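Written below as structure tokens is the structure these notes are about.
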Number of protein chains: 2
Amino acid sequence: MSTAHTATKLPPAEAERHSPHYELIELLFFAYRDFVGGADQLLEAYRFGRAHHRVLHFVSRRPGLTVAELLDILRITKQSLARVLRELVDGGFVEARHGVVDRRQRLLHPTDKGRRLALQLAQLQSARFERALAELGPEARERAVQFLTAMIEPEERERVGAIARREAPRRALRAEA
Amino acid sequence: MSTAHTATKLPPAEAERHSPHYELIELLFFAYRDFVGGADQLLEAYRFGRAHHRVLHFVSRRPGLTVAELLDILRITKQSLARVLRELVDGGFVEARHGVVDRRQRLLHPTDKGRRLALQLAQLQSARFERALAELGPEARERAVQFLTAMIEPEERERVGAIARREAPRRALRAEA
DNA sequence: CCATTTATGACAGCCATATTGACATAAATT
DNA sequence: AATTTATGTCAATATGGCTGTCATAAATGG
């Protein structure tokens with residue numbers, strides 16, 4: 001595979017001269033599949049899909065999130081978000097309060113019911129991390145954070161980190177009704 | 001949040017008494033999104049989707065794979081596989097040779113064209129690992145393998161490992177035409 | 001104050017990926 | 001000869017995306 005392990009000078013080859021990290025590629029594929037698999041099952045009971053989960057998750061994590069911010073996080077289109085958001089609102093999992101500072105905005109909040117479901121889902125996925133970390137050493141958590149962060153596009157990291165560490169939105173104050 | 005943070009005895013709670021690992025959950029979400037994102041772009045040029053990628057990947061990794069084995073790896077239904085496999089065969093990326101030992105089987109092989117595309121995709125994703133690992137220490141690779149393995153369902157690990165380490169299929173010899 | 005931009009919603013239609021269920025065929029196994 | 005296995009196929013359906021277009025209300029800039 002593009003090798004040439006003889007002792008020649010080995011032209012660095014534009015793409016990548018090493019054999020690909022197949023093991024890592026596959027482990028990440030299977031790890032992610034199991035990671036989302038558990039939640040999917042629970043969601044079925046509510047007739048929700050992954051899209052609902054993602055929306056509910058970020059709304060719970062950042063109450064008062066605007067639709068635009070959510071679109072930016074999820075990187076989907078308004079139309080794709082519309083249906084799942086409507087279903088979550090109709091089902092009483094999320095509610096939208098119109099902004100006071102900017103009354104065009106719909107600031108999204110989880111209801112108690114939404115918070116409970118979001119927590120349940122987070123605990124499910126968290127349990128997998130908990131078990132994995134327990135199998136590894138005491139520094140495993142910190143290392144996992146570093147590894148996963150390194151896997152994210154550098155330009156994205158700050159934004160992602162802000163969400164993950166639950167910092168205040170960079171937008172100014174946003175009172176709401 | 002089912003809390004009761006008053007200073008009562010705090011029964012250990014069946015599910016999980018700690019606050020969930022939100023940071024890890026979100027980092028994995030974003031890391032995976034970026035991980036598959038690059039390949040998705042390349043695949044568009046061929047009018048293929050992720051499903052095609054997965055099939056091509058595993059067929060390239062395990063030439064001679066049977067349809068049943070592939071279904072077992074991907075955990076999708078026969079019908080879901082049918083279209084993408086047909087498109088890959090029609091496009092000349094994969095070819096099926098009927099088994100000699102068991103003539104019902106279709107042993108799947110990548111063509112040269114298929115191998116090239118698979119390699120290109122693997123290099124793309126591999127480059128992300130390469131960059132990430134370079135940012136971390138020299139033991140990062142081994143640690144990543146351990147972490148990702150720990151994230152996989154224990155009962156799945158052996159099977160996954162067999163694929164990832166590219167061991168011979170557990171089924172006996174399978175000559176082919 | 002008017003024009004423009006912004007935040008959001010909504011409709012129609014399309015595509016990709018997956019599902020289930022039913023049925024068909026050929027080959028292997030008992 | 002009967003059954004099981006490996007595979008294929010058809011029809012119908014769900015989900016989660018997409019694009020394009022249009023509408024409305026509110027904010028903002030000249």
Side-chain angles (χ1 to χ4, degrees), chain A residues 33 36-37 39-41 43-44 46-56 59 64-90 94-108 169 171-177, chain B residues 33 36-37 39-41 43-44 46-56 64-91 94-108 169 171-177:
Chain A
R33 193 180 64 175
V36 290
D40 284 351
Q41 276 183 265
L43 288 160
E44 264 176 40
Y46 295 84
R47 323 200 83 246
F48 285 156
R50 275 186 209 176
H52 301 86
H53 183 188
R54 294 196 283 264
V55 170
L56 181 60
V59 167
L65 198 71
T66 66
V67 170
E69 285 168 342
L70 193 48
L71 290 175
D72 190 45
I73 289 171
L74 300 177
R75 303 267 190 144
I76 57 175
T77 58
K78 206 176 21 167
Q79 292 71 15
S80 300
L81 175 60
R83 181 178 41 85
V84 294
L85 186 52
R86 180 166 14 86
E87 285 167 359
L88 285 168
V89 170
D90 288 353
V94 169
E95 61 181 26
R97 308 177 192 160
H98 72 271
V100 159
V101 172
D102 183 336
R103 302 194 40 243
R104 291 170 304 178
Q105 294 180 327
R106 293 178 71 207
L107 308 184
L108 307 173
R171 273 191 173 73
L173 51 152
R174 290 184 307 191
E176 55 195 63
Chain B
R33 192 178 64 176
V36 290
D40 285 351
Q41 276 183 264
L43 288 159
E44 265 176 39
Y46 295 83
R47 324 201 79 245
F48 284 158
R50 273 184 212 178
H52 302 85
H53 182 188
R54 293 196 285 264
V55 170
L56 181 60
L65 198 71
T66 66
V67 170
E69 286 168 341
L70 192 49
L71 290 176
D72 189 45
I73 290 171
L74 300 176
R75 302 269 191 138
I76 57 174
T77 58
K78 209 175 19 167
Q79 293 72 12
S80 300
L81 175 60
R83 180 183 43 87
V84 293
L85 186 53
R86 180 169 13 88
E87 285 167 359
L88 285 168
V89 170
D90 288 353
V94 168
E95 61 182 25
R97 308 175 193 162
H98 73 271
V100 159
V101 171
D102 184 336
R103 302 192 42 240
R104 291 171 305 180
Q105 293 181 328
R106 292 179 72 207
L107 307 184
L108 308 173
R171 273 192 174 73
L173 50 153
R174 290 182 307 190
E176 54 194 66

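Keep in mind that this is a model prediction, so the values were computed, not measured. First the proteins, then the strands, lettered A, B, ... as listed; each starts at 1. Values reported hereafter were calculated over all heavy atoms of this structure, with side chains retained and with hydrogens, waters and symmetry mates removed.
For Leu71(A) and dA7(C), the CG to P distance is 11 Å, given to the nearest whole Å. Distance CZ (Arg83(A)) to P (dT15(D)): 7 Å, rounded to an integer number of Å. Nucleotide dT7(D) holds its C1' atom 11 Å from the CG atom of Leu81(B), rounded to whole Å. Between Leu74(B) atom CG and dA18(C) atom P there is a gap of 8 Å when expressed in whole angstrom units. Going from atom CG of Leu70(A) over to atom P of dA7(C) covers 14 Å, rounded to whole Å. When the C1' atom of dA18(C) is taken as reference, atom CG of Leu85(B) falls 16 Å away, rounded to whole Å. One atom, CG of Leu88(A), and another, C1' of dT15(D), lie 14 Å apart when rounded to the nearest Å. Summarising the geometry, the separation between CD on Glu44(A) and P on dG16(D) is reported as 11 Å, rounded to the nearest angstrom.
The two residues Ala51(A) and Val84(A) come nearest to each other via the heavy atoms CB-CG1, 3.6 Å. Shown here for Leu88(B) and Val55(B), the closest heavy-atom pair between the two residues is CD1-CG1, 3.5 Å. Considering all non-hydrogen atoms of both residues, Arg33(B) and Ile73(A) come closest at NH1-O, 2.7 Å. Considering all non-hydrogen atoms of both residues, Leu43(B) and His53(B) come closest at CD1-CB, 3.6 Å. The shortest non-hydrogen separation linking Leu108(A) to Ala96(A) is CD2-CB, 3.8 Å.
Non-hydrogen atoms lying under 4.0 Å from DNA chain C are contributed by Gly49(B), Arg50(B), Ala51(B), His52(B), Arg54(B), all within residues 46-55 of chain B.
Applying the side chain to side chain donor-acceptor pair (under 3.5 Å) test to Arg83(A) and every residue at least two apart in sequence or in another chain returns nothing. Take Arg47(B) and apply the salt bridge (charged side-chain N to carboxylate O under 4.0 Å, His left out) test, not counting sequence neighbours, and it matches no residue. Taking His52(B) as the reference, Phe48(B) meet the ring-ring contact (aromatic ring centres under 6.0 Å, His included) condition, with sequence neighbours excluded.
Within the 4.0 Å cut-off from OP1 or OP2 of dA27(D), not a single side-chain nitrogen or oxygen of Arg103(A) is found.
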Could you list all N or O pairs between the protein and nucleotides 20-23 of chain C that sit under 3.5 Å apart?
residue	atom	partner	partner atom	Å
dG21(C)	O6	Gln79(B)	NE2	3.2
dA22(C)	N6	Gln79(B)	NE2	3.3

Short N/O separations, protein against nucleotides 3-5 of chain D, under 3.5 angstrom:
residue	atom	partner	partner atom	Å
dT5(D)	O2	Arg104(B)	NH1	2.2

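Considering NZ of Lys78(A) and CG of Leu85(A), their distance stands at 13.0 Å, rounded to 0.5 Å. Atom CD of residue Glu69(B) and atom CG of residue Leu71(B) lie 10.0 Å apart, to the nearest 0.5 angstrom. Interatomic distance, Thr66(B) OG1 to Arg104(B) CZ, rounded to the nearest 0.5 Å: 11.0 Å.
Picking from dT8(C), dT7(D), dA27(C) the nucleotide with the shortest atom distance to the side chain of Thr66(B) gives dT7(D).
Taking the side chain as every heavy atom from C-beta outward, Leu107(B) and Leu65(B) never approach each other to under 4.5 Å.
With DNA chain C read from its 5' end, the first of the two nearest nucleotides for Val84(B) and Ala96(A) is the one closest to Ala96(A). The nearest heavy atom of DNA chain D to Ile76(A) and to Arg86(B) marks one nucleotide each, and the one closer to the 5' end goes with Arg86(B).
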